[in-house]
Structure formats: C-alpha cells, structure tokens
Amino acid sequence: EEWSGRVRALEAGFRAWMAKQPIHVEAAVTTAAGAVQGGALGGLMGSITADGGAPWVPPLPPNANPQAMASFKQAQALAAGPLVQARNFAVMSGTNAGISCVMRRIRGVDDIQGSMTAAFGSGVLFSLVSGMGTPNPVANAITSGVGFAVFQGGFFMIGQRFSKPQGVSEHNYYARTSSMLQNLGLEKYEKNFRKGLLTDHTLPLLTDSALKDVKIPPGPRLIILDQIKRDPWLAKAQ
C-alpha cells in the first residue's frame, strides 16, 4: 500500500507538471511515450510471427480487383517482421495518444468524442504507413479510420459501463478536495477536478493554469487557490 501510494503520488505530480506545460509540449511527450509503447508491442508481435506464428498469405492473382488487393496489403501488413510491425504500431499508438492528449486539453474532458477522434487519426496513419491502401490509399485510409473509430467508441462505452461502480475507492482520492469545495460553496466544480484527475495529492501543486485547463472560471479559481494557501495541511505538504 505504501509503494502504491508513492507511485500514485509520483503519477499525480507528473500529471500536475504536465498540466503546467504548453499543449504542444504535453502532446509531444504523450505522443513519444505512446509510440515507444506501441513500438515495443509491435516488435514483440513481429517476433512471435517471425518464429513461425505468421499466417500464410496466398499469392495475389494478376487480375485481382481493388478490394482484393487492399485485403492482400492488409494481410501483408499484419504478417510483417518485427521492425515493420514496430513501426506500424508505433505510428498507430503514438498518434492515438497524441490526439487524445490534444483533445483532452482543448475540451477539458476525456469522452467518447475525443476517443473516437484519436482512433480515427491513428487508423488513417496506420493504413498509410503500412501500405494497406493500394491502389486507392486515401479511400482505404478513411475506411480504416472509421473502422478504428467505431471499434474504439464501442470499447470506450463498454469500459465506462463496467467502471461505473467504483464508489468508495474512487471517492478516497477526492475526499479532501470534495470537503474543501463544499466548504467554499463550490461543490459543483468537483466534476471538473475528477475529469482533470486533480486528486487530493495534486492540491498542493495546483496552479491557476491547471484549474483553467479543467474549465473552472476565474473567480472560483482565485478562491480555491487562496484556500489552498491558507490550509495548514496543504501548507505542510508544500
């Protein structure tokens, strides 16, 4: 429990630091991290297929129609070696993470619209980079993007449905925040803190820009920051 608490504190501190950065800095860091994770996964999958698990791709007839050619290219992309798979998955994961970050900073919330937009962008770039779109790369890239978006949207809705009953455990991360906002008569902004993942651990680190990023108006921001300065517990935490 102590170790997990430290990890959560470090994670909260990193998120608070990221929230202070310009949007292009956060997007770049998030994209790079997503690309590294995707590249590692793609390389692992490519290594497994290279060891004998790759599906057999039949030769393409010379008179194949465009739909058959596109399917053939897709099969080739999924049966590629470690380096190609690492590149493809790095592009897909990095794009998804970067667009998600930008959408979250612009809109102030993680929702299905942002998730599907990120999935559409990652699907388009994955199709273009992997060469799945021959002989009509643009149309096939758009089709792939739509497919990725629908798939991601479905998973997002399922994840939301199953993550609803968190109750007490989630409340523990926002207990002091909730109490402070209620005392100030600003309890309606608790949802903004939750959407921005501004937990109790981040209270000593809060800045005006961080509160602005989660769509809290100027007046309440000033009141919250003043209260944080006056709170003895938070003063010790700083």
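Only heavy atoms go into these numbers, but all of them, side chains included; no hydrogens, no water, no symmetry mates.
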Find the distance between [atom1] ([X]) and [atom2] ([Y]) and round it off to the nearest 0.5 Å.
{"X": "Leu198", "Y": "Glu190", "atom1": "CG", "atom2": "CD", "value": "11.5 Å"}
{"X": "Leu206", "Y": "Leu225", "atom1": "CG", "atom2": "CG", "value": "7.0 Å"}
{"X": "Asn192", "Y": "Leu181", "atom1": "CG", "atom2": "CG", "value": "9.0 Å"}
{"X": "Ser122", "Y": "Phe89", "atom1": "OG", "atom2": "CZ", "value": "11.0 Å"}
{"X": "Thr30", "Y": "Asn96", "atom1": "OG1", "atom2": "CG", "value": "11.5 Å"}
{"X": "Thr177", "Y": "Asp200", "atom1": "OG1", "atom2": "CG", "value": "4.0 Å"}

Discussion item. Going by salt bridge (charged side-chain N to carboxylate O under 4.0 Å, His left out), name the residues that satisfy it together with Arg87, two or more places apart in sequence or in a different chain.
Written reply: none

Using side-chain contact (heavy atoms from CB on, under 4.5 Å) as the criterion, list what pairs up with [X], not counting sequence neighbours.
{"X": "Pro217", "result": "Tyr189, Pro220"}
{"X": "Glu187", "result": "Gln182"}
{"X": "Gln37", "result": "none"}
{"X": "Asp226", "result": "Arg230"}

Applying side chain to side chain donor-acceptor pair (under 3.5 Å), name anything that partners [X], two or more places apart in sequence or on another chain.
{"X": "Ser115", "answer": "Gln152"}
{"X": "Thr207", "answer": "Ser209"}
{"X": "Thr143", "answer": "none"}

Worksheet item: Taking a hydrophobic cluster as the set of Ile, Leu, Val, Met, Phe, Trp and Tyr residues connected by side-chain heavy atoms closer than 4.5 Å, whether directly or through intermediates, do Val150 and Phe120 fall within one such cluster?
Response: yes

Worksheet entry | Leu184 reachable from Leu211 in the ILVMFWY side-chain graph, under 4.5 Å edges | yes

For [X] against [Y], the heavy-atom pair lying closest together:
{"X": "Gly98", "Y": "Thr31", "value": "CA-OG1, 3.1 Å"}
{"X": "Ala97", "Y": "Gly34", "value": "CB-CA, 4.2 Å"}
{"X": "Gly42", "Y": "Gln85", "value": "O-CB, 3.1 Å"}

Worksheet entry | Close side-chain approach of Phe193 and Leu203, heavy atoms under 4.5 Å | yes

Discussion item. Would you say that Met180 contacts Ile224 through its side chain, given a criterion of any heavy-atom pair below 4.5 Å between the two side chains?
Written reply: yes

Is a side-chain N or O of [X] found less than 3.5 angstrom from the main chain of [Y], in a donor-acceptor match?
{"X": "Ser179", "Y": "Ala175", "answer": "no"}
{"X": "Ser127", "Y": "Gly123", "answer": "no"}
{"X": "Thr202", "Y": "Thr199", "answer": "yes"}
{"X": "Ser178", "Y": "Tyr174", "answer": "no"}

Worksheet item: Is Phe151 isolated, or which residues cluster with it under the ILVMFWY side-chain rule of less than 4.5 Å, directly or via members?
Response: Phe155

Response to the item:
Grouping ILVMFWY residues whenever side-chain heavy atoms fall under 4.5 Å, the cluster of Met157 otherwise contains Ile112, Met116, Phe156

Item to complete: May I ask you to decide if the ring planes of Phe148 and Phe126 are parallel, tilted or perpendicular, using 30° and 60° as cut-offs?
Response: tilted

